[in-house]
2 protein chains.
Amino acid sequence: MPVTIKDIAKKANVSVTTVSRVLNNKPDVSEKTKSKILKIINELGYNPNGVARGLVLNRTHTIGLIIPDIRNPFFPEVARGIEDKAKEYGYSVIYCNTDNKKEEEKKAVELLLNKRVDGIILSLSMNNRDELDRIKKQGCPIVQIDRKVPDANYPTVTIDNLISAYNATKHLINLGHKYIAHITGNLDTKTGQDRLNGYKKAMHERGIHISQEWIIEGDYSKESGYKNMKRILNLKNRPTGIFIANDLMAIGAYKAVFESKLNIPEDISIIGHDDIELASLVNPELTTMAQPKYEMGKHAARLLIQEIEGSDQDNNQNILLNTELVVRGSTGGVG
Amino acid sequence: MPVTIKDIAKKANVSVTTVSRVLNNKPDVSEKTKSKILKIINELGYNPNGVARGLVLNRTHTIGLIIPDIRNPFFPEVARGIEDKAKEYGYSVIYCNTDNKKEEEKKAVELLLNKRVDGIILSLSMNNRDELDRIKKQGCPIVQIDRKVPDANYPTVTIDNLISAYNATKHLINLGHKYIAHITGNLDTKTGQDRLNGYKKAMHERGIHISQEWIIEGDYSKESGYKNMKRILNLKNRPTGIFIANDLMAIGAYKAVFESKLNIPEDISIIGHDDIELASLVNPELTTMAQPKYEMGKHAARLLIQEIEGSDQDNNQNILLNTELVVRGSTGGVG
DNA sequence: GTGAAAGCGCTAACAC
DNA sequence: GTGTTAGCGCTTTCAC
């Protein structure tokens with residue numbers, strides 16, 4: 001139905017080869033033929049078939065992106081970074097949301113492999129190394145983002161979560177807090193583990209004993225922050241500070257605090273993690289550790305495309321980005 | 001490099017046709033051959049080449065999504081709705097961000113057409129009807145979402161912005177306000193125009209004269225809300241209520257109000273539009289008109305795929321969804 | 001400077 | 001039930 005390279009060739013009285021040459025800016029075409037062909041291409045509104053091209057070149061100029069949920073405020077920023085960098089190199093991106101379900105992750109990988117994307121950027125649930133290996137076996141380059149599947153030796157763009165959590169906790173300690181709780185992330189993820197360990201490290205380093213009940217596992221959702229904060233607030237010895245593994249949970253926690261008629265930071269200091277847009281819009285504004293999200297996306301796309309195009313030297317780069325402490329109104333001195 | 005249908009055929013001592021048959025669950029294959037082939041497919045880890053399949057079937061099972069910016073909190077919800085419905089039908093989606101730039105919109109359309117997506121869902125800037133026609137000329141189904149390019153007769157999923165803005169304004173009027181300003185959206189979009197007209201309609205209906213300086217054009221960004229609210233607050237006769245065309249601007253406006261040492265809603269009532277997640281997280285919580293974003297995405301994907309698969313009766317459906325007034329803390333009676 | 005022909009991996013007549 | 005063959009729209013080798 002749509003016009004093909006053959007139609008152009010026929011109308012121009014040349015072979016498809018010649019048309020293909022001008023399409024791809026190859027040399028060895030006379031100026032005259034070239035302009036004639038170009039004119040006809042324009043007239044007929046010809047749009048080359050990328051699928052056919054993909055079949056012969058074995059390149060789709062498409063990359064896949066596997067993330068838990070685009071509605072999680074972390075990902076739109078990252079995704080936009082990826083897209084912008086990808087576009088720069090002439091690639092576009094297919095999204096797959098998995099809700100952290102292994103089954104969905106598997107499906108997504110299959111789908112993308114089947115679509116013959118040139119590479120995949122992914123943020124998988126922790127114990128899903130199998131998928132990574134499956135992709136690699138198919139010869140499809142990958143870059144992990146945000147989360148690193150343990151022991152999986154593939155290029156990764158992450159932040160140093162341990163140091164970041166360590167710094168967050170130290171911020172509270174430096175303010176004089178000693179009773180510091182932690183609502184963790186999903187402990188099936190390395191991110192969650194690292195942030196927990198950073199918290200522990202800071203506490204141990206200052207010789208502060210951690211009461212068992214101070215550590216509660218969350219799942220990164222607002223509801224989880226709310227629910228777990230309720231539990232924290234009901235402890236006999238209520239902590240005066242808390243490090244919450246992401247901002248979304250911290251914002252859920254706000255609600256729990258307000259419902260208890262307590263004040264932030266007077267009664268409890270809260271520090272979050274990620275610096276999502278929301279963080280500066282709640283009241284009091286949330287102290288948090290800022291992730292360079294957009295930049296993470298750009299780095300990941302660059303790494304991946306360099307690997308695809310074989311122009312990287314070191315194909316197992318790990319990019320570790322630093323977070324930055326953003327002090328706002330939700331943390332203060334003790335009592 | 002990867003294993004092809006030929007490899008399977010050879011190893012199974014059958015023709016590629018037969019393999020293709022079992023791949024596509026076609027009849028006329030003996031159980032015995034079938035299971036033999038299936039076994040080999042498994043052993044070799046065969047993954048069918050979707051590109052090749054796409055070429056012969058003229059179907060990629062991919063749809064394109066053209067939006068201004070995935071970081072705009074409106075779109076992740078919509079996008080997720082689209083993806084979920086698309087997945088249900090076996091489609092995946094390619095994203096393109098345009099920042100509302102005509103040039104980028106054009107590029108995105110070209111790209112998607114070139115990739116031979118089976119259909120496109122888009123939210124274009126107002127005066128870009130050309131692109132729509134270009135797509136249609138290529139025989140590619142489209143569905144507009146959120147914004148409708150005027151006079152373009154293509155299926156559309158929108159909310160009734162005029163009625164919605166009318167209801168928002170009436171909410172303020174009902175609270176006793178008479179001096180009601182409006183920060184508009186981008187007036188190059190029909191959405192922006194409709195919301196403006198809804199505001200005017202409500203005011204006229206109640207016989208309230210609209211002072212020229214009450215209407216200021218914004219661009220949907222937080223900064224724009226901040227900046228324009230500053231101007232409103234500096235008016236000699238400060239309005240007591242304001243309808244702001246989207247929540248993001250409303251939240252920017254909050255900052256302007258607080259900087260002026262004024263209170264919401266005591267000094268000025270604010271009603272936004274969209275009900276983004278943020279709306280219930282700011283302080284005071286924002287009164288707004290809730291859009292069924294996720295549902296909009298689902299509707300759009302369903303419409304598009306029905307058109308692609310030719311299973312729709314009426315191929316020019318316009319789905320007009322209603323918003324709902326969500327009264328929170330940012331609106332109150334007059335002083 | 002240009003063209004003929006093969007082939008990318010698959011599906012779909014059609015024949016047997 | 002199964003195989004042969006042509007062909008989807010393009011690129012690329014090789015020949016002229």
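Reckoned from all heavy atoms, side chains included, excluding hydrogens, waters and symmetry mates. Every chain is numbered from 1 and lettered A, B, ... according to where its sequence line falls, protein lines coming before strand lines.
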Apply the side chain to side chain contact (heavy atoms under 4.5 Å, CB included) test between A/Leu122 and each candidate in A/Leu65, A/Ile145, A/Leu132, A/Ile67; give the one that qualifies. A/Leu132

Are there over 12 heavy-atom neighbours, none belonging to B/Lys106, within less than 6.0 Å of that residue's NZ? no

Quick one: is [N] close enough that its OP1 or OP2 comes under 4.0 Å of any side-chain N or O from [X]?
X	N	answer
B/Tyr46	C/dC10	yes
A/Lys26	C/dG1	no
B/Asn24	C/dT11	yes

Pick base, sugar-phosphate or nothing for B/Leu55, based on heavy-atom distances below 4.0 Å to the nucleic acid. base

What's the spacing between B/Cys140 SG and B/Leu113 CG if we round to 0.5 Å? 5.5 Å

Between [atom2] on [N] and [atom1] on [X], what's the gap in Å once rounded to a whole number?
X	N	atom1	atom2	answer
A/Asn114	C/dC10	CG	P	10 Å
A/Leu57	D/dT11	CG	P	7 Å
A/Leu23	D/dG9	CG	P	14 Å
B/Asn47	C/dC10	CG	C1'	13 Å
B/Asn58	C/dA12	CG	P	12 Å
A/Arg53	D/dT12	CZ	P	9 Å
A/Asn25	D/dT12	CG	P	13 Å
B/His61	C/dC10	NE2	C1'	14 Å

Apply side chain to side chain contact (heavy atoms under 4.5 Å, CB included) to [X] and list each qualifying residue two or more places apart in sequence or on a separate chain.
X	value
A/Thr17	A/Ser15, A/Arg21
B/Asn114	A/Asn47, A/Pro48
A/Asp133	A/Arg129, A/Tyr154
B/Asp219	B/Ser221, B/Ser224

Bend angle of the helix from C/dG1-D/dC16 to C/dC16-D/dG1, from helix axes over five pairs at each end, nearest 10°: 40°

A/Thr98 and A/Glu104: side chain donor to acceptor below 3.5 Å: no

Flag for B/Asn186-B/Arg147: side-chain donor and acceptor within less than 3.5 Å: no

Does the protein touch nucleotides 1-6 of chain D at the base, only the backbone, or not at all? Give it as B, S and - per nucleotide, heavy atoms under 4.0 Å. SBBBB-

Which one, C/dT11, D/dT11, C/dC8, comes nearest to the side chain of B/Ser20? C/dT11

Could you check which of D/dC10, D/dT11, D/dC8 has an atom nearest any side-chain atom of A/Lys6? D/dC8

